[in-house]
Every structure is written in structure tokens, then in C-alpha cells.
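The block underneath contains the structure these notes are about, expressed in C-alpha cells.
Just so you know, these numbers use all the heavy atoms, side chains as well, and skip hydrogens, waters and symmetry mates. To find a chain, count down the sequence lines: A is the first, B the second, and so on, and within it residues start at 1.
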Number of protein chains: 2
Amino acid sequence: MKKSHVELLKDHGISPSLTRIEVYNYLDYNRVHPNVDMIYKKLNKKLPTLSKTTVYNVLKLFVETGIVKEVTVGSQEARYEVILEEHSHFKCEVCGKLYDIPLVKTEHNFSGLEGFSVNEEVVLLKGICPSCQQKH
Amino acid sequence: MKKSHVELLKDHGISPSLTRIEVYNYLDYNRVHPNVDMIYKKLNKKLPTLSKTTVYNVLKLFVETGIVKEVTVGSQEARYEVILEEHSHFKCEVCGKLYDIPLVKTEHNFSGLEGFSVNEEVVLLKGICPSCQQKH
DNA sequence: GTCCTTGCAAAGCGTTTGCACAGAA
DNA sequence: TTCTGTGCAAACGCTTTGCAAGGAC
């Protein structure tokens, strides 16, 4: 049985304020790797007094707590996703959309890496997504 | 025999102005994935009238021409490197330094990627570098 | 003359900081 | 009262844009 988001926040020592619940809901129900502005614009409809600062505050808290991940893709702006089972990303070079794809493993024959301690492997595939290929 | 940087620029249709040669030299002789500010500060000693705008202009030209690559690692700021044989990167989570490492290949059994056309695979390893491990 | 390179100044955009107010404990 | 969550306003850092001056051709 799936835990409610409220419980999930509590389990991580985060007091479940309305704003925090809404941000987490949005991330979990809309797996589009939104940036701060998208989250703000969407939630602002429900929470008219919401400020961008608060969105930043909440996301920072979530990332520090480890329930949300900041995804680095292009440059300039941070994008966010709830932590799921491990997966990789595909970035479409035409429309810029970021897709979740099954985990791509590496052939880690880490020769030439003596002395380095590897904690994480990030794989990003780039190319053209199906919908951009059809527009041709 | 290795081509001079001047010839390399010419071959790519870039007229080899002093500024452009110096930027390319810097990138090729200092494989530290510098950001714009590092390049600017360094070259400003030799070229006192240099402006950051020009550094941006030159880098943009190089990236569009395909002789330099923009590396996306953390967020916020772009980092640059001359195009070498394919390799991967290792980012130290302690000191933030970015290392060139031998190419890490993926096990590309791209199931679940039907319809996607993959052009590039970016692998980034994260962990702790040898020098940060010793400081303990 | 025209085209290209350079660079100042300003604007733009994402993000962070300082501070203050209101509500909860 | 103290602590916590929120949010305005300003500052900040990286990047882009507009435009003009000087040099190359």
C-alpha cells in the first residue's frame, strides 16, 4: 500500500504544510521535470499568495532531505523530480523535452580510475524524440 | 604532424583573429574545463582591452562551429573544452573539480526506447577524487 | 565603401539573501 | 515567548542584446 505524501514528508522530518504538500503532489503527479517557474505558475492558481521564494525554499528543503532530485540537463535552470527507482534520461535535441527512460547501465571497467571513489553514474542520452521525428 | 591552431580555425571557416587564437590556445593548453570568467581573467593579462562579451562571442562561435564543446555539469555556469577524442567526466563531490576520464561505454540495450533516435551518450561519474580522499 | 571584430552598457533571467510578519507550539 | 513557514524586495551572478567605433578587405 502506497504511503500518502503527508506521511512521506513526516517520515523525513518535514512538517507537512499545505505548500509543501502541493509542491510534492505536483512533482509526483506531473513527471515533466518542471523548473521552478512551472511549479510556481501552476500552484499559484490554487495558492494565490504563493511566492517564488517559497517554491525555492521548499525545493531546497526537499533536495537536502533527499526526497527530490535536482536534474542537471542543459544549463541555466534547475529542474526537479521526485526520487523514483533509478532511471536514466533522454533529452530531445529538437524540442528540449526531457524523458524518463529505463536505466542505462555503464560498462564500468573503471581502468584509469584508480584512486577515484565512484558514488553515482549519470547517463544522459541525447537525440530526437519520436514526436519530433514525425514532424518531418 | 599536428596542425597549428591557426590552421584549425581556418579549416573551420573562422578567421584567426588574435583573440580567437588566444581563447583556443587557452582551452587546448589548459584542460581544466574553465568557465567564461576563468578564460576572461587569464587572457585579460595578455589582452588588456578584452571584454567578457568578446569571450562569450568567441565561445559561441566555437561551439556553433563544433571545435569546442560546452560541458554541463553542476548548474549555473557553462564550462568549455576543446573537442578531443571521446571521453567521459568525473565530478568530485567534495572539491567540485571536473576530471577527464577514459570513455565509459553504456550497455545500450535500448529496450523501451523504440522510436527514439539516439545521437549521443553522456556519462558522468560522481564521487570523491583521490586528492580529496587523502585529506582525511 | 562594406563587412567583420570587438567591447561598453544595459537588460534579462534564474537564483539567493535579508528581513519582517503571522501563525503554531 | 520562541520557533517555523511564508513572502516581499533587493541583490547577485551568469548570459544575452543593442549598438557603436575601429579595422580589415
To the nearest angstrom, how far is [X] atom [atom1] from [N] atom [atom2]?
{"X": "B/Tyr40", "N": "D/dG13", "atom1": "OH", "atom2": "P", "result": "15 Å"}
{"X": "A/Ile39", "N": "C/dT15", "atom1": "CD1", "atom2": "C1'", "result": "14 Å"}
{"X": "A/Lys60", "N": "D/dG5", "atom1": "NZ", "atom2": "C1'", "result": "15 Å"}
{"X": "A/Leu61", "N": "C/dT16", "atom1": "CG", "atom2": "P", "result": "14 Å"}
{"X": "B/Asn44", "N": "C/dG7", "atom1": "CG", "atom2": "P", "result": "9 Å"}
{"X": "A/Leu9", "N": "D/dG5", "atom1": "CG", "atom2": "P", "result": "11 Å"}
{"X": "B/Leu59", "N": "D/dT15", "atom1": "CG", "atom2": "P", "result": "10 Å"}
{"X": "B/Ile14", "N": "C/dC3", "atom1": "CD1", "atom2": "C1'", "result": "17 Å"}

Check your understanding: So, the side chain of B/Arg79 versus the backbone of B/His33: is there a donor-acceptor pair under 3.5 Å, distance only?
Key ->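 Yes: the side chain of B/Arg79 pairs with the backbone of B/His33.
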Is there a side-chain contact between [X] and the phosphate of [N], meaning an N or O under 4.0 Å from OP1 or OP2?
{"X": "A/Thr49", "N": "D/dG7", "value": "yes"}
{"X": "A/Ser51", "N": "D/dT6", "value": "no"}
{"X": "A/Tyr56", "N": "C/dT16", "value": "no"}

Review point. Are B/Lys69 and B/Glu64 ion-paired here, with the side-chain N under 4.0 Å from a carboxylate O?
Key: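 Salt bridge: no.
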**Study point:** Presence of salt bridge, A/Glu22 and A/Lys46, under 4.0 angstrom
**Key:** yes
Check your understanding: Does B/His5 have its ring centroid less than 6.0 Å away from the ring centroid of B/Tyr26?
Key -> no
Check your understanding: For the rings on B/Phe116 and A/Tyr99, is their centre-to-centre separation under 6.0 Å?
Key -> yes
Nucleotide nearest [X] (side chain, heavy atoms from C-beta), chosen from [options]:
{"X": "B/Arg20", "options": "D/dG7, D/dG5, C/dT5", "result": "C/dT5"}
{"X": "A/Val36", "options": "D/dG7, C/dT15, C/dT6", "result": "C/dT15"}
{"X": "A/Thr53", "options": "C/dG18, D/dT15, D/dT6", "result": "C/dG18"}

Review point. Touch check for A/Ser17, heavy atoms < 4.0 angstrom, all strands: base, sugar-phosphate only, or nothing?
Key: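 Counting heavy atoms under 4.0 Å across all strands, the contact made by A/Ser17 is with sugar-phosphate only.
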Check your understanding: Is any side-chain N or O of B/Ser15 under 3.5 Å from a base N or O of D/dA24, one able to act as donor and the other as acceptor?
Key ->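 No.
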